[in-house]
Amino acid sequence: MTFTVRAPAKINLHLGVGAPREDGFHPLLTVYQAVGICDDVTASRSAGWSLGVSVPDWMDADLVPVTGDNIVDRAARLLADHHGIDAKAEVSIAKTIPIAGGMAGGSADAAAALVALDRLWGVETSDEDLLRIAAELGSDVPFALIGGTALGTGRGELVEPVADDETWWWVAVVNPEGMSTPAVYRHFDELNPDADPQPPDADDLLAAVAAGDVHGLAATLRNDLQEAAFDLRPDLSDVIDLGHREGALRGIVSGSGPTCVFLADSADSARAVATAFTEDGHDIVMVTHGPVAGAHVVTYV
Ligand code: ATP
């Protein structure tokens, strides 16, 4: 039996960041949205453990660790330990989500691996246990399991679905050179030595989502890491400016960057904005939409 599980990239419609907690993590109040840029994880039976990665032409495969340090290795070990079994499987990751792009690609792979291995091993992990194991793997992994649009609190790992009946159109402008999430948070701390321990709320944005109001959503998008990302990579503010000139309702840095995402008022406008970026020499530009489903089985063979 072989299972292929697909898991989505995330964007943060709101990323409110508070002063670091005693454990070093930053308290977050975030609104996640899963978008249609996805990685697939395929797991089949095997006498041992192996992991392979395939990437599209524009991605550098060497940036993905495959020597036991991949987040999928850790996901397999945690799930196997939870059930007291050996982690045996042949696993491959087919990546599309930019690496170190602020779209939580590694977290998507971990979530997809948990679902694929749970099915392959027939261990029927409860939703509660799967979400707990996901949270141990990383702050964004529980969201990659549930998908849709969701409120994230704690360090982002406590997720609660948000009703969202709309289809929102996005353009993602990918930067070939990734950014380190810890470095961006460190710079946030330098820029905000007096940050409030309580991250800012997302009430206005949540009201715009509930009302299906694309202009309201554009006006309330917020990323507290954006200033730090601009400081570390000044070219990103030029990308945002170009999107605004070309008709996007609003552009923001995705998570810790460097991917920039632009909200458009229709599929056609999203395509027009994407074309403008391509003509400006940006090689990796994707039109996508959200919300989409969290990690789910796409094929059984
Ligand atoms: P974050 O969730 O911190 O916003 P990101 O989306 O910016 O992360 P990822 O693509 O998840 O970035 O990768 C961050 C780092 O994790 C990479 O630089 C890589 O070294 C490591 N990594 C481990 N496993 C994976 C994986 N399956 N795919 C991509 N990167 C991985």
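Atom set for the values below is all heavy atoms of this structure, side chains included, hydrogens, waters and symmetry mates excluded. In each ligand, atom 1 is the first atom listed, and ligand 1 is the first ligand listed.
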Describe, in one word, how the ring planes of Tyr300 and Phe3 are oriented to each other, choosing from parallel (under 30°), tilted (30 to 60°) and perpendicular (over 60°).
perpendicular
Among Gly178, Ala144, Ala104, which residue places a heavy atom closest to atom 6 (O) of ligand 1?
Ala104
So, Trp49 and Asp86: side-chain donor and acceptor under 3.5 Å apart, yes or no?
no
Checking Thr149 against Gln33 for the side chain to side chain donor-acceptor pair (under 3.5 Å) test, could you report, in this order, the C-alpha distance in whole Å, the side-chain angles of both residues, the deciding distance, and whether it holds?
CA-CA 4 Å; Thr149 301; Gln33 184 164 102; 3.1 Å; yes
Check this for me: does any side-chain nitrogen of one of Lys95 and Asp109 sit under 4.0 Å from a carboxylate oxygen of the other?
yes
Considering all heavy atoms, the nearest Thr125-Asp118 contact
OG1-OD1, 2.5 Å
Nearest protein heavy atom to atom 23 (C) of ligand 1: under 4.0 Å?
yes
protein heavy-atom neighbour closest to atom 1 (P) of ligand 1 works out as Thr181 OG1, 3.6 Å
Which of the numbered atoms in ligand 1 are below 4.0 angstrom from a heavy atom of Gly106?
9 (P), 10 (O), 11 (O), 26 (C), 28 (N)
Ligand 1 to Leu63, heavy atom cutoff 4.0 Å, flagged ligand atoms 19 (C), 20 (O)
Quick one: look up the protein heavy atom nearest atom 31 (C) of ligand 1 and list residue, atom name and how far away it is.
Pro65 CD, 4.0 Å
Please report which non-hydrogen protein atom sits nearest to atom 5 (P) of ligand 1, along with the residue it belongs to and the distance in Å to one decimal place.
Gly102 N, 3.6 Å
At a 4.0 Å threshold, what atoms of ligand 1 neighbour a non-hydrogen atom of Ile99?
10 (O)
State if Gly255 counts as touching ligand 1 under the rule of any non-hydrogen atom under 4.0 Å.
no
Provide, to 0.1 Å, the distance between atom 28 (N) of ligand 1 and the closest protein heavy atom, together with that atom's residue and name.
Lys95 NZ, 3.1 Å
So do the side chains of His82 and Ile133 get within less than 4.5 Å of each other, counting heavy atoms only?
yes
Salt-bridged, Glu136 to Arg132, with N to O below 4.0 Å?
yes
Considering the heavy atoms of Asp109, write down every atom of ligand 1 situated less than 4.0 Å from one of them.
26 (C), 27 (N), 28 (N)
Counting only nitrogen or oxygen atoms and a 3.5 angstrom limit, does Val64 reach ligand 1?
no
Would you say the side chain of Val17 lies within less than 4.5 Å of the side chain of Leu225, judging by non-hydrogen atoms?
yes
Just do the salt bridge (Lys or Arg N to Asp or Glu O under 4.0 Å) check on Asp189 and Arg186 with the steps written out, would you?
CA-CA 5 Å; Asp189 291 337; Arg186 272 197 302 277; over 6 Å; no
Would you mind listing which atoms of ligand 1 come within a distance below 4.0 Å of any non-hydrogen atom of Asp140?
2 (O)
For atom 9 (P) of ligand 1, grab the closest protein heavy atom and report residue, atom and distance to one decimal in Å.
Ala100 N, 3.5 Å
Is the closest heavy-atom distance from Ser139 to ligand 1 below 4.0 Å?
no
Number the atoms of ligand 1 from 1 as they appear, then name those within less than 4.0 Å of a heavy atom of Pro98, with their elements.
10 (O)
Output yes when a side-chain donor or acceptor of Asn12 lies under 3.5 Å from a complementary backbone atom of Tyr32, and no otherwise.
no
